[in-house]
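For this chain, numbers begin at 1 and follow the sequence in order. Counting starts at 1 for both ligands and their atoms, in listed order.
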Amino acid sequence: MGTKLGTSINGVILEFSSVSDCEISEKMLSVMSGIIKPDVASANGGVAYQLTSVHISSTSEPYFAHKEGGPHRSGNAVDISKVNNKPITTLYANDEEVQILCDALQVAASEDSRTWENFGPLGCFKTYGENRILLSGEKNAGVISMHKTHLHFSVKA
Ligand SMILES: [Zn+2]
């Protein structure tokens with residue numbers, strides 16, 4: 001399919017859930033290499049928080065919530081559930097470090113035109129042709145609420 005994620009990207013430690021198979025496509029790895037950086041947050045005005053680790057909860061392993069034919073199964077998506085060993089689910093709302101780092105990762109992902117889905121607590125952004133749309137409304141309520149707990153980045157195959 002592609003490649004196995006290693007133990008770090010740009011010096012940022014990668015940790016994996018017990019279910020993750022660590023497999024991603026070369027294209028996804030290339031996008032991740034542009035996002036996962038110690039100083040990802042520094043563009044947001046000299047912020048002191050450095051990204052030291054990310055916990056990858058899911059890659060391409062078979063998982064019921066990740067449909068066959070969807071980007072995860074082909075290695076074109078990655079889910080991140082913790083930054084600097086802090087869980088996004090419980091800490092994004094009230095931990096400045098988690099919020100700043102998560103938001104910075106989503107901003108960095110939005111700056112790479114190859115990013116297709118860029119979902120997380122900051123918002124769920126999806127690229128349609130030349131346009132990047134912020135998902136909203138009843139139709140997207142499930143996707144939006146599901147991504148309060150983790151970051152999801154994908155690329156088109
Ligand atoms: Zn995902």
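Residue contacts to the Zn ion (ligand 1): H72 brings an N, O or S atom closer than 2.8 Å.
Restricting D79 to its N, O or S atoms, the one at the least distance from the Zn ion (ligand 1) is OD1. Closest approach between the Zn ion (ligand 1) and any N/O/S atom of H152 involves ND1.
Inspection of the T59 and E61 side chains reveals an N or O donor paired with an N or O acceptor under 3.5 Å. Side-chain atoms of E117 and S154 include a donor-acceptor pair closer than 3.5 Å.
Listed by first then second residue, pairs satisfying ring-ring contact (aromatic ring centres under 6.0 Å, His included) with a partner in residues 98-122 read F119-H147, F119-H152, not counting sequence neighbours.
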Name each donor-acceptor pair under 3.5 Å that joins a side chain in residues 129-141 to protein atoms two or more places apart or in another chain, with its distance.
{"from": "R132", "atom 1": "NE", "to": "T127", "atom 2": "OG1", "distance (Å)": "3.4"}
{"from": "R132", "atom 1": "NH1", "to": "S110", "atom 2": "O", "distance (Å)": "2.4"}
{"from": "N140", "atom 1": "ND2", "to": "S136", "atom 2": "O", "distance (Å)": "2.8"}

